[in-house]
Every structure is written in C-alpha cells, then in structure tokens.
Amino acid sequence: MIRSFAATAGGPLLWIDLLQPTEDERRQITEQHKIHVPSRDELSEIESSSRLFSREGLVCVSMSAIPPKDSTDLAPPPLGLVLTPAVLVTIRFSEIHGIERTASLFNTATPPATSVHAFVSILEAMVDYGADLLEHLAQQVTGISRKSFRQYAGAPRQVRKTTRTLRAALVEIGSAGEHLSGARETLLGLQRIASFAPEAARGWFPDDVHERLQTVARDVASLTDFETHLSDKVQFLLDAVLGFINTEQNEIFKVLTIASVVGIPPTLIASMYGMNFKNMPELSWAYGYEWGLGLILISTLLPILWFKSRGWW
C-alpha cells in the first residue's frame, strides 16, 4: 500500500509511506523518484554498513521496529527510511505508532515543511512511543514483583495453587522480557540513526533539525539507561521466581524423604515379626499382636518427634 503526503494541497510530495510494498509498488517508486527502495531482506541485514549508508544526496537507514501486540512475526519487523532533500520514503511491514502519529501532523495547521522535518518527526514520535512503552512495562514489572512476593509470603500455602501462581508469574516475566528486548533493539536503532543522519547529510540538514536530533539522542540515551534498569529488574524477578520454585520442590522432596525415613523402623519391625521361625516367643504371648502394633507405633512416632525437635519438619 502506498500513501503520499504533501505540506500543502497540490504541493510537491514530501513523504511516501509504503506498507507491505509489493515488487510492482517498489518499482513504481524507484522509476518515479529515482530512488532505490530496498526489499525486506535488504532491510533485515544486521551489519552496520547495510543499515546505515549514504550516497550523494541520499541517506538510507533501517532499524528494528517495536512490533504490535498482535504481531505473529518471529522477529521484530524492519523499518527502512530513505531520505533525500526532496522526499522521504518509509518502508515498513507492520503498523508503527510513530508513522501514524507523524501522518496525523499533515492534517494540522503546521505540517512538516520538508522531507527532513518529516524524517525527524518520525524519530521523535518513535522515541515518545518507546518512553510510553517502557513506562507501561515498568508498571507491569512492579505489579509482577509485588504479586509474586506477597502471594508467596502469604501463609498457609497450597502446593498446587502456589505452583500455578509461580507458573503464571514466569509467563508474565517472559512476556515483559520479550517486550523489553524489542524496545532495546528499537532504541539502539534510533540511537545509531540520530548520530549518523546529521553527519551523512551535513550539507542539507537545516539547523533546527540538528537541534531536534540532539534532543532525540539525549532522550534515547536516558531511555536506554531506564531499559537497562528494567532488564536488571526482570532478571532479578526471574531468579527470584525460579528460587521460589526450587524452594517448593525442596519442600516436596523433604516431605518425601522424611516419610521414607519414618517408614523404615516400622517396616523393619513388621518384616521381623513376619518371619516364619519356629522359636519366636512373641507368637505364644496373649498380647503379642498388641505388642507388635505398639512397637510399630512407637517406631513411627520417635523419628517424627526427633525431626520436629531438630526443626527439620
């Protein structure tokens, strides 16, 4: 799908937005504007020389975009931006908040005046969206932390209920970590673009754009620090929940171990009196059966009391 934007009605095109472009649409833009429109495979390259390069009068950058929540892509979809003094071409393969927010500016009284201003507006909108996403993830991680520690610390606990709670916490932590990973890739891409673009287009970038890009770079740096803090917190939560799970497993194994040890003396006594020897004095006792049951009961209680006195149970 192709969308075009101009600063004024009937004016020259400043921005062309391609969503899931076909081969024919890419060829059409290339022929009309003499600009090579990279394919998805080209935009997905990870080496720096493929993601950031410039030629005379042209800057081409690409990055991983934050995928929408309902995305089925195994990897974050790429976003490509091809910038010239006359026109900006964006190539994307999913809905991106920054693109839609910038597109809405063309319906206001002060739309971007040039392709470069549209380019910077997209970066600013993506930084704002990244900040909102990190704030939401921070609230989510805090909620997981409080819920996990408070529910686990509450007594009494049921093993099945606790296991379900910890399993759900692991799923939530994994989801938060996945979103943080996507946000980290996007922030790193924005950081590279904000520092590369002014140098690559030094001769035709307006002065006000340089100032805005410096602001973008500072904001991205602060968001990167915040994302690092959140990643550390997610890792701490992951270790804590895994520790809770190990504790629950140890409790189960401890109960099984105590039960097996407590069962050894009664089994020994029962097996001894189950032997078919002729000369067993207890066989002729009037209360021999009660004697055997009493020994089994005492041999069961004594290990339990000993474990209790040692604080092992």
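Since the model is a prediction, treat every value here as computed from it, not as a measurement. We're numbering straight along the sequence, starting at 1.
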Could you check whether [Y] and [X], counting side-chain N and O atoms only, form a donor-acceptor pair closer than 3.5 Å?
| X | Y | result |
| --- | --- | --- |
| Glu227 | Ser231 | yes |
| Ser39 | Arg26 | no |
| Arg212 | Thr215 | no |
| Gln28 | Asp24 | no |

Ile2 CD1 to Gln32 CD distance, which is reported to the nearest 0.5 Å
7.5 Å
Measure the CZ-OG1 distance between Phe119 and Thr90 for me, rounded to the nearest 0.5 Å.
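The distance works out to 11.0 Å.
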Could you list the donor-acceptor pairs under 3.5 angstrom formed by side chains in residues 190-198, with sequence neighbours left out?
residue : atom : partner : partner atom : Å
Ser195  : OG   : Gln191  : O            : 3.2
Ser195  : OG   : Arg192  : O            : 3.0

Following the transitive rule for hydrophobic clusters with a side-chain heavy-atom cut-off under 4.5 Å over Ile, Leu, Val, Met, Phe, Trp and Tyr, establish whether [X] and [Y] coincide in one cluster.
| X | Y | value |
| --- | --- | --- |
| Phe53 | Leu81 | no |
| Leu105 | Phe5 | no |
| Phe226 | Val127 | yes |
| Leu242 | Val141 | yes |
| Trp306 | Ile264 | no |

What I'd like to find out is whether the side chain of [X] reaches to under 4.5 Å of the side chain of [Y], using heavy atoms alone.
| X | Y | answer |
| --- | --- | --- |
| Gln140 | Glu135 | no |
| Ile29 | Leu18 | yes |
| Met126 | Leu79 | yes |
| Pro303 | Pro265 | yes |
| Tyr273 | Tyr289 | no |
| Ser62 | Pro78 | no |
| Thr142 | Lys233 | yes |

Taking 4.0 angstrom as the limit, do Glu100 and Arg92 come out as a salt bridge?
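The answer is yes: the pair qualifies as a salt bridge.
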Taking 4.0 angstrom as the limit, do Arg51 and Glu45 come out as a salt bridge?
no
What do the steps show when you test Lys34 against Glu31 for salt bridge (Lys or Arg N to Asp or Glu O under 4.0 Å), and what is the final call?
CA-CA 5 Å; Lys34 308 303 179 183; Glu31 293 174 354; over 6 Å; no
Parallel, tilted or perpendicular: which describes the rings of Phe106 and Trp15, with under 30° parallel and over 60° perpendicular?
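Tilted.
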So, using salt bridge (charged side-chain N to carboxylate O under 4.0 Å, His left out) as the criterion, who are the partners of Glu290 when residues are at least two apart?
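Glu290 satisfies salt bridge (charged side-chain N to carboxylate O under 4.0 Å, His left out) with no other residue.
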Which residues satisfy the salt bridge (charged side-chain N to carboxylate O under 4.0 Å, His left out) test with Glu199, sequence neighbours excluded?
Arg202
With a 3.5 Å distance limit and no angle check, can you tell me whether Ser121 reaches the backbone of His117 through a side-chain donor-acceptor pair?
yes
Check whether NZ of the Lys or CZ of the Arg Arg101 lies under 6.0 Å from the centre of the six-membered ring of Tyr129 and within 45 degrees of that ring's axis.
no
